[in-house]
Amino acid sequence: MSGNVAELRESLGLEIDPELLVLALTHRSFAHEAGGLPTNERLEFLGDSVLGIIVTDHLFHEFSTHNEYQLSTIRAGVVSQDSLSRVARSLNLGRYLLLGKGELKTGGRDRPSILCDAMEAVIGAAYLSAGYEATRRFILRLIIPQIERVTSRCQGVDWRTELAGIFHERGMGEPQFVLSDTGPDHDKTYTATLALADGDVTGSGKSKRAALAQAAQLACEVLVGKDSAPA
């Protein structure tokens, strides 16, 4: 391993079981090359859920005037791959990862998806080792700067950029709007329509920009709302 587990444990400021921490850092590429060792994927699964409830609880109490969509939008940004990879980099987590030779050659130590998964796995290991309350304090210490970053961005949301980010994160390509207009040249109303899996969303306005922005906002609400809906 590059780096030292004891050094990482000290920097995390949390008593995490050393074996669990090593497991949290074990990417499947390394495990496969080592003959089928356990990977960090189960801890990642656990950590994702622990992170979700702690962030949700914090946002619910700290942003008492926000509605469901606003809370869901902030949460989605805070627990996103981008945010978690930022947190992982702040901890220099990539230095400690156990990666296969192929991943090492292709820059796996700084790949956002790998860093995000490892961060969730570390949270899972923290929860098993130190319990809920200590893990809650640990997560909030690391994640509050991301909450501030996301909420600052959301105060003046560029909905088309926001939507493009959601599409990119989910491998959906680029949003393809269909534009149309009605009315005389001096008083046109523009319409922008975007096809989603659950149906079309349509925005309208007195300019193309306004119609596109409204359609993008509605699409964001549909996509984020769908994620936050109970199973």
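Only this structure's heavy atoms are used, side chains among them; waters, hydrogens and symmetry mates stay out. As the structure is a computational prediction, the values presented were derived from the model and not from experiment.
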Rounded to the nearest 0.5 Å, what's the gap from [atom1] on [X] to [atom2] on [Y]? Could you check?
X      : Y      : atom1 : atom2 : result
Glu44  : Ser49  : CD    : OG    : 10.5 Å
Leu128 : Asp17  : CG    : CG    : 9.0 Å
Ile53  : Tyr132 : CD1   : OH    : 6.0 Å

Inset, instruction - Tell me, please, which residues at least two apart from Thr202 pass side chain to side chain donor-acceptor pair (under 3.5 Å). - result: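 Thr193.
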Legend entry - Set of residues satisfying side chain to side chain donor-acceptor pair (under 3.5 Å) with respect to Asp181, sequence neighbours excluded: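 Counting only residues at least two positions away or on another chain, Asp181 forms a side chain to side chain donor-acceptor pair (under 3.5 Å) with Lys188.
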State, yes or no, whether a side-chain contact exists between [X] and [Y] at a heavy-atom distance under 4.5 Å.
X      : Y      : value
Leu51  : Val55  : yes
Arg42  : Leu23  : no
Thr73  : Glu162 : yes
Leu218 : Glu221 : yes
Val5   : Tyr96  : no
Leu212 : Arg160 : yes

What about [X] and [Y], same hydrophobic cluster or not, with Ile/Leu/Val/Met/Phe/Trp/Tyr joined at side-chain heavy-atom distances under 4.5 Å?
X      : Y      : answer
Leu99  : Leu37  : yes
Ile144 : Leu142 : yes
Phe63  : Leu140 : yes

Legend entry - Closest contact, heavy atoms only, Leu14 versus Ala126: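 Residues Leu14 and Ala126, closest heavy atoms: CD2-CB, 3.3 Å.
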[X] and [Y] ion-paired at < 4.0 Å:
X      : Y      : answer
Arg136 : Asp57  : no
Lys101 : Glu33  : no
Asp82  : Arg149 : yes
Glu103 : Arg111 : yes

Inset, instruction - Would you mind telling me which of Leu12, Asn40, Asp117, Leu8 makes a side chain to side chain contact (heavy atoms under 4.5 Å, CB included) with Val122? - result: Leu12
